[in-house]
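Shown next, in structure tokens, is the structure this report addresses.
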Amino acid sequence: MDVWPGRPFPLGATPTDTGTNFAVASDIADGFELCLFDEAGAEQRLALVEQDAGIWHGFVPTIGPGQRYGYRVSGPYEPRSGLRCNRNKLLLDPYALAITGDVTWAQKYSATLRATRMGSAASTRRPLCLVAW
């Protein structure tokens, strides 16, 4: 699946007639992966390589409302300094309008996101549905 450059704004998942733009802010991450889940829970990871002023973004054609997704973030992991990037944890989109699935909140594993200063990691038994609309 292709990821086009997309736009840094608006933040969150923004569906269009031809796909969905994903944009998330982090001033400490050195990499972002968009994780898409199918109905069976299989995960497909897509690198978001475009970055403008701390906003990681990409446009995925054919993805629309109802798509289950999350993020994985790589970067510094220094909890004593407030840096908690951990690509082993699935992060929720702080701009999501809906969440489905069984969620166990784990703030201690969250990545610091500029928009909210704290994102949320989740342990799930089923994938999350986070697309806005």
Side-chain angles (χ1 to χ4, degrees):
M1 187 172 297
D2 291 331
V3 179
W4 299 350
R7 299 180 318 267
F9 293 101
L11 293 172
T14 306
T16 70
D17 291 339
T18 59
T20 299
N21 191 76
F22 295 89
V24 62
S26 175
D27 52 2
I28 63 165
D30 59 27
F32 255 91
E33 290 178 307
L34 171 65
C35 303
L36 303 176
F37 297 91
D38 66 17
E39 290 298 320
E43 179 178 351
Q44 179 180 11
R45 296 181 186 187
L46 304 172
L48 296 181
V49 297
E50 298 294 325
Q51 183 190 32
D52 293 299
I55 309 292
W56 297 80
H57 54 91
F59 181 86
V60 183
T62 72
I63 296 297
Q67 172 66 53
R68 293 177 176 101
Y69 77 97
Y71 295 107
R72 296 192 188 277
V73 182
S74 60
Y77 185 78
E78 301 168 15
R80 290 187 177 145
S81 300
L83 306 175
R84 294 183 174 95
C85 294
N86 183 345
R87 69 183 306 267
N88 295 315
K89 300 296 178 182
L90 181 65
L91 299 182
L92 302 178
D93 185 340
Y95 293 92
L97 298 181
I99 299 171
T100 64
D102 301 320
V103 178
T104 303
W105 299 102
Q107 286 288 18
K108 67 181 180 179
Y109 293 116
S110 57
T112 304
L113 301 177
R114 183 168 56 193
T116 62
R117 295 310 305 163
M118 188 64 81
S120 295
S123 298
T124 64
R125 284 181 248 151
R126 299 181 62 158
L128 304 172
C129 179
L130 301 173
V131 165
W133 201 325

Pair Val73-Asn86, side-chain contact (heavy atoms from CB on, under 4.5 Å): steps then yes or no: CA-CA 6 Å; Val73 182; Asn86 183 345; over 6 Å; no
Ser26 and Phe32: CA distance, side-chain angles, deciding distance, side-chain contact (heavy atoms from CB on, under 4.5 Å) verdict: CA-CA 9 Å; Ser26 175; Phe32 255 91; 3.6 Å; yes
From CA spacing to verdict: side-chain contact (heavy atoms from CB on, under 4.5 Å), Leu83, Tyr77: CA-CA 5 Å; Leu83 306 175; Tyr77 185 78; over 6 Å; no
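Note that the CZ atom of Arg45 and the CG atom of Leu36 stand 11.5 Å from one another [nearest 0.5 Å]. Of the inter-residue distances, the one linking Glu50 atom CD with Ile55 atom CD1 reads 13.5 Å to the nearest 0.5 angstrom. Distance CZ/Phe37 to CD/Gln67: 9.5 Å, rounded to 0.5 Å. In this structure, CZ on Arg7 lies 10.0 Å from NE2 on His57, to the nearest 0.5 angstrom.
Arg84 has no carboxylate O lying under 4.0 Å from a charged side-chain N of Glu78, or vice versa, which leaves the two without a salt bridge. Ion pairing between Arg72 and Glu43 holds under the 4.0 Å rule for side-chain N and carboxylate O.
For the residue pair Leu90 and Gly70, the shortest heavy atom distance occurs at CD1-CA, 3.6 Å. Nearest approach of Trp56 to Leu48, heavy atoms of both residues: CE3-O, 3.2 Å. Nearest heavy-atom pair, Phe59 versus Asn21, reported as atom, atom and distance to 0.1 Å: CD1-N, 3.7 Å. Nearest heavy atoms, Val24 versus Pro94: CG2-CD, 4.5 Å. Across Ala23 and Pro8, no two heavy atoms sit closer than the pair CB-O, 3.4 Å. Of all heavy-atom pairs between Ala13 and Tyr69, the closest is CB-OH, 3.4 Å.
In terms of modelled atom types and a separation under 3.5 Å, the side chain of Gln51 and the main chain of Gly31 share no donor-acceptor contact.
Side chains of Asp52 and Phe9 form no contact here, defined as non-hydrogen atoms less than 4.5 Å apart. A heavy-atom distance below 4.5 Å is found between the side chains of Leu92 and Ile99. Residues Thr14 and Thr20 form no side-chain contact, since every pair of their non-hydrogen atoms from C-beta on lies 4.5 Å or further apart. Put simply, the side chain of Ser74 does not reach to within 4.5 Å of the side chain of Cys85, judged on heavy atoms. By the 4.5 Å heavy-atom criterion applied to side chains, Met1 and Val60 are counted as neighbours.
Between Tyr71 and Phe22, the two ring planes are perpendicular [angle over 60°; tilted spans 30° to 60°].
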